[in-house]
Each structure stands twice: as C-alpha cells, then as structure tokens.
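For ligands, and for the atoms within them, numbers begin at 1 and follow the listed sequence.
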Amino acid sequence: MSSPELDWRPSACNLCYINCGIEVGVDCSGPTERIVKIRGDKAHPRSQGYLCNKAAAIPGYVHHADRLTTPLRRRADGGFDAIGWDVAITEIAARLGAVQQAHGGASLALYGGGGQGNHAGGAYATALLRGLGSRNTFNALSQEKTGDFWVNGHLFGSQTCHTAEDIAHCDLLFVLGANPWVAHGFTNARDELNTIRKDPGRRLIVVDPRRSETAQVADLHLAVRPGGDAFLLGALLAILQRRGAFDADFLAARTTGADDVLATLQAVPVDAWVAAAGVPMAQVEQAADMVQAATAMVVRAELGIQQGLNSTLNSYLEKLLFLLTGHFGKPGTNTLHSWLQPLWGNARGQRFAPTGTEVIGGLLPPNAFADAVLADHPARLRAVWVDSSNPVNTTADTPRLKQALAALDLLVVVDVAFTETAALAHYVLPASSQYEKCEFTLFNFDAPHNVFHVRAPVLAPLPGTLPEPQIYSRLAHALGLMPPQAALDDLAAAAQAGPQAFAKAFGAFSAQHVDAGPVMAIVLHDTLGPTLPHGNAAAAPLWAAAHRLARTQAAAVQRALHAPADTPPAQLGQKLFDALVQGRSGTVFSVHDDPWGLLETPDRRVHLAIPALLQALGALDVASLQPPADFPLVLSAGQRRMFNANQILRAPAFRQRDLDGALTLHPQDLAAVGAGDGDWLALVSARGRLVVRAKADDTMRPGHLALPHGYGQAHPGPDGQRLVCGPAVNALTSSAWCDPVAGTPFHKHVPVRLEQPTAAEVAAADQLAQQLRHAVAA
Ligand SMILES: Nc1nc2c(c(=O)[nH]1)N[C@H]1C(S)=C(S)[C@@H](COP(=O)(O)OP(=O)(O)OC[C@H]3O[C@@H](n4cnc5c(=O)[nH]c(N)nc54)[C@H](O)[C@@H]3O)O[C@H]1N2
Ligand SMILES: Nc1nc2c(c(=O)[nH]1)N[C@H]1C(S)=C(S)[C@@H](COP(=O)(O)OP(=O)(O)OC[C@H]3O[C@@H](n4cnc5c(=O)[nH]c(N)nc54)[C@H](O)[C@@H]3O)O[C@H]1N2
Ligand code: SF4
Ligand SMILES: [Mo]
C-alpha cells in the first residue's frame, strides 16, 4: 500500500525555545487529519530549514493516548467526572470570584504562562489575573534566568534589557555551563558548532565538568569542578586584568564603575582559585590567550552556571568577561536585542509579601511557591491556576509542592495532557495543542535581525478542547471583568470596517473604558481577532505591540520592513502587524545596527559595578566547594539529553533509547559503590531517595553524576495502567537550596550519595522497566 500524499503546512517546533520553522506533513486521508511527518521550513528567516533530531517526535506531542478531551472536575474520592465547558466555566468563575471577594486579588496566582512553544495563551492568562487584581505569576524562567535578568537590570538599566549572541559572526565562542550540541539554546546550533570546528580561524572554549558533546568539538575544554565556575571566572578575569587585556577605550567611552570592578579583581588569589576550580593553570592561561586573540567573542551561558552554585554571581562574571574585554554591541559579540513584546517585565526592588521574595522581571520563583501557600500570612495564596507547566515534576521538592497544592481552596490546571499536576487539580481544562490553534512565542532573542513567528493553526482543535484565549475570554466574561457588550460590539464592527476605523474606535474605547486596561488582550481578541487571516485571532494583542514598537524603534522596524524612513508611525505599526499575521513562516520585525539605543540607563552607559555582587566575589571561600561528609557526590539533577524535551512529550516511545532515564556516572564512581553498568542503585539526597539505572559514562568527571530532565511522567500502558517513565528528579531537590539573590535552584549541584537498593526496590524497578518496554513495543 502506498503511503498517503501529505499536505505540508508551515508552523514551528515546540520542543525547545529555539522554535525552528517547520512544515508539518498532514495525512488528510482518514476521518480526522493527523500530523505524520515533519520537515524544516526553508522559508523561516532564522532557522532556514534546520531541524534537530527531536522535531521528528512532534506527532507524538499532538496525537497520543493521554490528551485531554473534556473538562474534568475532581470528586471527593480523588477521581474525576467529565463535565461540559459551560458548567466548568461557571463553576470555576464562581469559585475564583469567591476567593477574590473573601481574601482579595493577592490571594490568587498564575503558575506557568507558557512552555517552549506557546506564549499566546500567556497574554490571556495574565489578562484574567490582572483583571482579578493580582500580579502573582510563578514561571519557569525564575528557575533559571532571573539571576541573569537581575544582573541585566543593574548593568543596562532594565531587567528587560536582554543579551543576544551573534554567534554566526564570532571568532571565539566561549560556552559556559551549556551543551548546545544537545540542548541548542541558539539558532542552528549543530551547524554553527560544525562551522566553527572546521574553520581554522575560529575557536570554541567549553567550561563544563563533563566532556559534553559540545566539549568534544571544542578547541579547549576546561573540565571545571562542579560549582567551581565563580572561582574559575574570577581567576580568568584577574589574569586578563594583570595582562592588561581589558579594552580601556571601550570602558572609558561606554561604561561607568569599571574602577570598582578592577579593584575587586586586583584582590583575587588567582592560584588558589584556579586550584579550587579544579582546572590546570596552563589551561586557564590558554583560555586567556584565546580571549586576548579574539577579534569578536560571544559568551554563551546556560543552566550549568545559572542553576549552579553562585548562580547570580556567575551571571555577573560571565557578562564582565565580554564587557571588560569590549566584546559588546559589535558584529560577532554579545549585544542587546529589541522585543516586539517583552516576555518579562522590569521589577527592581519589589517584594512578594507572604515570603519576602524579590520579584524579578515581574516573576516569582517556583522555589517560593510552597511557602507562599503554606505561610501563615494574610496574603497567602489560596487559588491558583496552572497553565502550560507541570510543577509536580519540574519544581524543587515534589512532596512539599504537593502538600502546598493540596492546601489550596482552588487549583485549576489548563493543559493538553493529563499531567501529574492535573491529577491533583479541582478542575482540569483541556487546551487545544499548539498545532490546533494560533500560537507564537516571545522567545525572540536575536540581533541584529530579530524574528517573530505567528503560527497559524494547521489542524482543527481536537474535539472537546479549546484554545486558551477562548478559555480566558469565557472566564473573564463570566466573572464580569469585561466592558459592556455593546461597546465590544461597536469595536468589533469598526474592526470589520478596516484598520483605520479600528484604530480610531480603539482610541475612543480606551479613553472611555480605562478600567478595561488589564483585560485589553481579551478585548482585542474578541473584537479585532475574528477579522485576522489564517485563524490568527489569538495574535490580536500584537496589534498594540506592533504599534508600540513602530513608535519606539521606528528606524529598526523600517529597516526590517524595507519601509521608507518617512513612513508615519501609525502606518508603520499597521504594516508590521499585517506582516506578522499574514506571514506563515516568521517575520523579521527589527534590524538594529547597535545596542546603545536599547540601553535603559539614563546615561546610556553600562553600569559595571554591582556592589552586592562585588562583595560576594570578594567573599568567595574555597571551603564552600567541600561536599558534606554524608553526601560526597554532586548530582546534576536535570541534564538535557538527545531524547528529552521538558515535560512536553509524555509518550515513553520518544525516550526508548534511554527508557529508564539512566544515572550517568564515571566508571570509577560505579566501581566504588560495587555496582556494574546497568545495575539499579539508590540515589539519596538530604530530601529524598530514588532508585535509578546506573550507566557508566567516561565523559563524566569523577564525583559528578547526572540524571535527565524531562522524565517522571505517567502514561497509559497497553493494559490501561499508568506507567511512570524514568526518574522524577525533583523528589531529590530542595527549594531552600537556591541562590540568595534570585531564588533560582542549585539543580546542577545537589549533594548526594549512592547506596545499594533493597531487594524489594530492585524487584519493583525491574517490573516497571519491563512494563515500559512492553508498552513501547506495543
Ligand atoms: N534535548 C533537550 N534540549 C533542551 C531541553 C530539553 O529538555 N531537552 N530543554 C530546554 C530548556 S528549558 C533549557 S533551559 C535548555 C538548557 O540547556 P543547557 O543548560 O545547555 O542544558 P543542561 O544539560 O541542563 O546543562 C548544560 C551543561 O551544564 C553542565 N554543568 C553541570 N554542572 C556544571 C557546573 O557546575 N559548571 C558548569 N560550567 N557546567 C555545569 C552539564 O554537564 C551540562 O553539559 O535546554 C533546552 N533544550
Ligand atoms: N531538577 C530540575 N528541575 C528543573 C530543571 C532542571 O534542569 N532540573 N529545569 C527547569 C527549567 S530550565 C524549565 S524551563 C522548567 C520547565 O518546567 P515547566 O514550567 O513545568 O514546563 P514544561 O516542562 O515545558 O511543561 C510544559 C507543560 O505544558 C503543557 N503544554 C504543552 N502544550 C500546551 C499548550 O498548548 N497549552 C497548554 N495549556 N499546555 C501545554 C505540557 O503538556 C506540559 O505539561 O523545568 C525546570 N525544572
Ligand atoms: S532545535 Fe530541535 S527541538 Fe529545538 S526547536 Fe529546533 S528542531 Fe525543535
Ligand atoms: Mo528552561
């Protein structure tokens, strides 16, 4: 039988935050259309047809046995009843309203607000939250990036000033605690790494305790002791300073505060710190040589330092490396990028009352969530909805997180699948998948060309599901948060009449309904949305964003759209919006020639001195790297591997090459515990115990172990029983083990020990492993 002819439709991959342009091959021959194949979209201006191995798994995200197809309401016995959408919306609205009435808006929170491919819904979830009088948003970014944002706020004047990496044009790529070969993190990573490797004029340095896939193609691999990065970076900066390698002209022309930084570096005990970092001095000198020789360097950092010891300090030192050497704001260096719509905000100095936690970028750290619910505080959280997140598996300290979820008056989960978090909710609302609705992401971190991709739906919504904008619109209407229907009808009629009529009517509407500000995304969706092409109603809030950018960054938008310099702002904004909603493969929305107009310090200089972090650098103590006696090994709890993708892919088939989510460790560590390759071991932290499959791996540094991220999901097996695939790593982590500034967890540095499992543990692990293999084979 010949395979059916496929209809190819443009979209983007939702499996990591690069969001490569793809074409999905849709089989239209059956009663319902199905995605069966994926290929790269050559028309996508950023990825240009590139794909990694994971994209082939997208059909398994859309079509699998655990998709939700009806709203669910939990019964007293813990089971669920299927209920209709009208009942679900009415009941949830009533209960949210009751909590808000009794305890105020501050008792409500949103947890999530967008995974790796879906930020459209976040605009609407946030609108509902604001409409109810709350700004409490817990987001995964505060498990990794808020230390970086905090540093950016100090250096560049706003936490929304975010650095981009012009890797395509650098001659030195300095990778710190990142494994782009596997995890990407920048566009077309494997192609870029191969190009650098083959070019004798370009160099790659990797700092990673593990000889990672990226380290294996590097010119220099510094196998740092886990957690030793602040010492290594401090020593490297001090060496560069002593060699006179800093860019004095750049520092004088573009920065303030360099003297304070230099004074701190002067005091660094280089030899002691290099020894603490566990790297030969000759290699650090070699790294310094390569930095000095570079004409254009990019520093690329990720979780290895952001979820490692001293994470906010690491983010500072990493930026000092490119700033003090003047590799900033030029082709082939780190620079700032523009936003169509910032993914986070600027919130310097704000505190969250129930826990005293600093709000960074407008976001709260998941590490503070359990305390925020369980605290004895008048503003403690009582009602929460989770959207596009699975905190039971992804937030530190699973048992305590579950305790907090159970203490809520109301927990609503909006997801495409029946997650571990959904299983604990009062109500579960089934969302349409990212290929069944209009989507976009705000992960647009490129410079000088920045790209935004509005992804039109390529399939009809799975019956029973709704796109998030409709869910939040229905809730906002049911809660009485929306302006009068007659006003919305007038605005909708103006939208039908055309862009100019709409712009005029919207101006009048905004003036008249000032209190509709918080729910404006929903207003735009309900009125302008229906007029947009390709089913792109959810992109309506971008109308306001496009007009704002055309006003504030006119030259960059003109360059992107090839529009004449005298284009009036209103016309430029409309042109940008039209390009965004009409384009199917992504749109270049801004082209910047330098970052200085994007800086938000009043003097447009980089403010290099951050006193609290300079003090922390001066106070670094080599003894802090000594592991506790009862937990002598360091676990990287959540490694990116070829076959994991956060919690997005639930069916075990995707992970069949590493079905048990093995613990990788150096053969020497395996021998020390008297075990062999493939044996079960008990991995014990101060917080918990997991039985895991051991896998000898000589790329690991002795003493350093790794468990994968993105496991621990239950999925229905062939006999209907729910089988949990691989370790749920956050059973081992603690929410208190985190950065003092940003509250980001030290997941790359969990102190552990290995033990022999009991006979009963081994029997249970063997049985589950067999069931999983049986399920995958079926
Ligand atoms: N395949 C795959 N790709 C993904 C994801 C996925 O789940 N799977 N998730 C996406 C997401 S959400 C993110 S945030 C990114 C994360 O992307 P990365 O941060 O690149 O990935 P990780 O594997 O978490 O960690 C990177 C490296 O840090 C190293 N490391 C551990 N401890 C230390 C240390 O003390 N110092 C230093 N210098 N390095 C250390 C590890 O050995 C590892 O090689 O990946 C994205 N891409
Ligand atoms: N121990 C440890 N913990 C970690 C990490 C680690 O390295 N170690 N990494 C951290 C990092 S960097 C990150 S980014 C977080 C990620 O953790 P989370 O914030 O929990 O996000 P994801 O794992 O991406 O889960 C995405 C969820 O969105 C759902 N989903 C997919 N599409 C849609 C949709 O269209 N609509 C809706 N409503 N839902 C959808 C998926 O089914 C899934 O449940 O994990 C963090 N946790
Ligand atoms: S790098 Fe791979 S997982 Fe990430 S978006 Fe591209 S194809 Fe998808
Ligand atoms: Mo992440």
Side-chain angles (χ1 to χ4, degrees), residues 12-20 22 38 40 47 50-55 58 61 111-112 114-118 120-121 139-141 143-145 175-180 182-185 187-190 206-210 212-215 222 224-229 232 301-309 314 366 386-391 393-396 413-417 419-422 429 431-434 436-437 439 467-468 634 636-648 650 700-701 704 706-710 713 729-730 732-733 745 747-750:
C13 174
N14 67 317
L15 298 181
C16 89
Y17 67 78
I18 296 305
N19 305 121
C20 297
I22 59 172
I38 305 295
S47 59
Y50 176 93
L51 286 184
C52 81
N53 63 295
K54 294 202 298 297
I58 288 172
Y61 155 76
Y111 190 121
Q116 299 285 297
N118 51 317
N139 184 280
L141 286 168
Q143 297 213 61
E144 41 172 334
K145 300 284 182 280
V175 173
L176 265 165
N179 188 9
V182 169
H184 288 75
T187 304
N188 300 13
R190 290 176 194 166
V206 173
V207 178
D208 195 312
R210 177 173 172 244
S212 67
E213 291 76 357
T214 311
L222 301 172
V224 67
R225 171 186 308 206
D229 302 86
L232 176 63
E302 269 245 27
L303 302 185
I305 64 158
Q306 292 164 345
Q307 290 187 343
L309 296 185
N314 290 337
V386 176
D387 185 330
S388 315
S389 193
N390 188 13
N393 278 3
T394 58
T395 298
V413 169
V414 184
D415 205 299
V416 295
T419 65
E420 290 57 41
T421 311
L429 298 179
S432 310
S433 83
Q434 294 173 45
E436 300 161 345
K437 64 191 174 203
E439 263 304 349
E468 289 83 348
V634 173
S636 225
Q639 187 186 49
R640 272 64 188 165
R641 294 187 180 168
M642 295 296 268
F643 298 97
N644 57 17
N646 290 12
Q647 298 281 310
I648 304 165
R650 299 186 63 84
M700 295 299 293
R701 196 185 146 108
H704 187 215
L707 277 183
H709 179 59
Q713 296 122 316
V729 281
N730 283 308
L732 296 175
T733 60
H747 283 332
K748 300 290 157 189
H749 205 93
V750 179

Min over Asp415, Val413, Asn118, Val414 of heavy-atom distance to atom 42 (O) of ligand 2 lands on Asp415
Determine whether any heavy atom of Tyr17 lies closer than 4.0 Å to an atom of ligand 2. no
Please list the nearest protein heavy atom to atom 25 (O) of ligand 2 with its residue and the distance rounded to 0.1 Å. Gln647 CB, 3.6 Å
For atom 47 (N) of ligand 2, what's the nearest protein heavy atom and its distance? Thr394 O, 2.7 Å
Which atoms from ligand 1 have a heavy atom of Pro226 less than 4.0 Å away? 35 (O)
Can you tell me how far the OG atom of Ser47 sits from the CG atom of Asn19, to the nearest 0.5 Å? 9.5 Å
State the atoms of ligand 1, each with its element, that fall below the 4.0 Å cut-off from a heavy-atom position in Arg210. 42 (O)
Would one find an N or O of Ala637, backbone or side chain, under 3.5 Å from an N or O of ligand 2? yes
Can you sort out which atoms of ligand 2 are near Val729, meaning under 4.0 Å from one of its heavy atoms? 1 (N)
May I ask you to test the Pro180-Val175 pair for a side-chain heavy-atom distance under 4.5 Å? yes
Identify the closest protein heavy atom to atom 26 (C) of ligand 2: which residue and atom is it, and at what distance? Ser388 O, 3.6 Å
Could you check whether any side-chain heavy atom of Thr419 comes within less than 4.5 Å of a side-chain heavy atom of Gln713, counting everything from C-beta outward? no
So for Ala178 against ligand 1, with non-hydrogen atoms under 4.0 Å, the contacting part is both
Measuring from Ser388:OG to Asp415:CG, what's the distance to the nearest 0.5 Å? 6.5 Å
Ignoring hydrogens, just give me the one of Lys748, Gln306, His709 whose non-hydrogen atom is nearest atom 22 (P) of ligand 1. Lys748
If you have a sec, work out which protein heavy atom is nearest atom 46 (C) of ligand 1 and how many Å separate them, to one decimal? Ala183 O, 3.5 Å
Using heavy atoms and a 4.0 Å limit, tell me yes or no: is Ser432 in contact with ligand 2? yes
Heavy-atom nearest neighbour in the protein, as seen from atom 2 (C) of ligand 1, with distance rounded to 0.1 Å: Asn644 O, 3.3 Å
Give a yes or no on whether the backbone of Gly638 and the side-chain of Lys748 come within a donor-acceptor separation of less than 3.5 Å. yes
Minimum-distance protein heavy atom relative to atom 40 (C) of ligand 1: Pro209 CD, 3.2 Å
Below 4.0 angstrom from a heavy atom of Gln307, which ligand 2 atoms are there? Numbered from 1 as shown, please. 6 (C), 7 (O), 9 (N), 10 (C)
Just by modelled atom types, is the Gln434 backbone N or O under 3.5 Å from a matching donor or acceptor in the Tyr61 side chain? yes
Backbone or side-chain N or O of Thr733 under 3.5 Å from ligand 2 N or O: no
Nearest protein heavy atom with distance in Å, relative to atom 15 (C) of ligand 2: Ala140 CB, 3.8 Å
Side chain or backbone, does Lys437 bring an N or O within less than 3.5 Å of an N or O on ligand 2? yes
Mark yes or no for whether Asn646, through its side chain, and Gly710, through its backbone, hold a donor-acceptor pair below 3.5 Å. no
Closest non-hydrogen protein atom to atom 19 (O) of ligand 2, residue and atom name please, with distance? Ser389 OG, 2.8 Å
Identify, by atom number and element, the atoms of ligand 2 in contact range of Asp387, meaning under 4.0 Å from any of its heavy atoms. 37 (C), 38 (N)
Applying a 4.0 Å heavy-atom criterion (strictly less than), which segment of Asn179 is in contact with ligand 1: side chain, backbone, both, or neither? both
Looking at ligand 1, is there an atom of it that comes within less than 4.0 Å of some heavy atom belonging to Gly177? yes
Look only at the side chain of Gln116 and the backbone of Tyr17, and say whether a donor-acceptor pair between them is shorter than 3.5 Å. yes
Considering only heavy atoms, does Gln116 approach ligand 1 within less than 4.0 Å through its side chain, its backbone, both, or neither? side chain
Between the main-chain N or O of Ser432 and the side-chain N or O of Lys437, is there a donor-acceptor pair closer than 3.5 Å? yes
Specify the protein heavy atom at minimum distance from atom 1 (N) of ligand 1: its residue, its atom name, and the distance to 0.1 Å. Arg641 O, 2.8 Å
Regarding ligand 2, does Ala431 bring an N or O atom to under 3.5 Å of one of the ligand's N or O atoms? no
Of the options Ile648, Leu51, Asn14, which is the one that meets Ile58 in a side-chain contact (heavy atoms from CB on, under 4.5 Å)? Asn14
May I ask you to identify the nearest protein heavy atom to atom 16 (C) of ligand 2, giving residue, atom name and distance to one decimal place in Å? Asn646 ND2, 3.8 Å
Counting from 1 in the order shown, the ligand 2 atoms closer than 4.0 Å to a non-hydrogen atom of His747 are 1 (N), 2 (C), 3 (N), 4 (C), 6 (C), 8 (N)
What residue and heavy atom of the protein are closest to atom 28 (O) of ligand 1, and at what distance? Gly304 CA, 3.3 Å
Which heavy atom of the protein is the closest neighbour of atom 11 (C) of ligand 2, given with residue, atom name and distance? Arg640 NH2, 3.7 Å
At less than 4.0 angstrom from any non-hydrogen atom of Asn730, what atoms of ligand 2 do you find? 1 (N), 2 (C), 3 (N)
Close-contact set for ligand 2 against Gly638 heavy atoms, below 4.0 Å: 7 (O), 8 (N)
Where does His749 meet ligand 1, judged by heavy-atom distances below 4.0 Å: at the side chain, the backbone, both, or neither? neither
Are the side chain of Asn314 and the backbone of Ile305 linked by a donor-acceptor contact shorter than 3.5 Å? yes
Please confirm whether His184 comes within less than 3.5 Å of ligand 1 when only nitrogen or oxygen atoms on both sides are compared. no
Which residue and heavy atom of the protein sit nearest atom 31 (C) of ligand 1, plus the separation: Ser636 OG, 3.5 Å
Consider only side-chain N and O atoms of Tyr111 and Thr421, and report whether a donor and an acceptor are under 3.5 Å apart. no
Can you list the atoms of ligand 2 that are under 4.0 Å from a heavy atom of Gln143? 46 (C), 47 (N)
Under a 4.0 angstrom heavy-atom cut-off, which atoms of ligand 2 come close to Thr419? 44 (O)
Would you mind checking which non-hydrogen protein atom is closest to atom 38 (N) of ligand 1, with the distance to 0.1 Å? Asp229 OD2, 2.6 Å
The closest protein heavy-atom partner of atom 29 (C) of ligand 1 is Asp208 OD2, 3.2 Å
Based purely on interatomic distance, does Glu439 place a nitrogen or oxygen under 3.5 Å from a nitrogen or oxygen of ligand 2? no
Is Glu144 reaching over with its side chain to a backbone N or O of Gln307, donor-acceptor style, under 3.5 angstrom? no
So which heavy atom in the protein is nearest atom 14 (S) of ligand 2, and how far is it from that ligand atom? Glu144 OE2, 3.2 Å
Using a 3.5 Å cut-off on N or O atoms only, is Gly227 in polar contact with ligand 1? yes
Give every protein N, O or S atom lying under 2.8 Å from atom 4 (Fe) of ligand 3, naming each by residue and atom. Cys16 SG
Going by the side-chain hydrogen bond (donor to acceptor under 3.5 Å, both in side chains) test, name the single residue among Gln639, Arg640, Arg641, His747 that passes it with His709. Arg640
Any donor-acceptor N/O pair, Asn118 side chain to Glu439 backbone, under 3.5 Å: no
Any nitrogen or oxygen of Glu468, side chain or backbone, less than 3.5 Å from one on ligand 2? yes
Strictly distance-based, threshold 3.5 Å: is any side-chain N or O of Asn393 a donor or acceptor partner for the main-chain N or O of Gln647? no
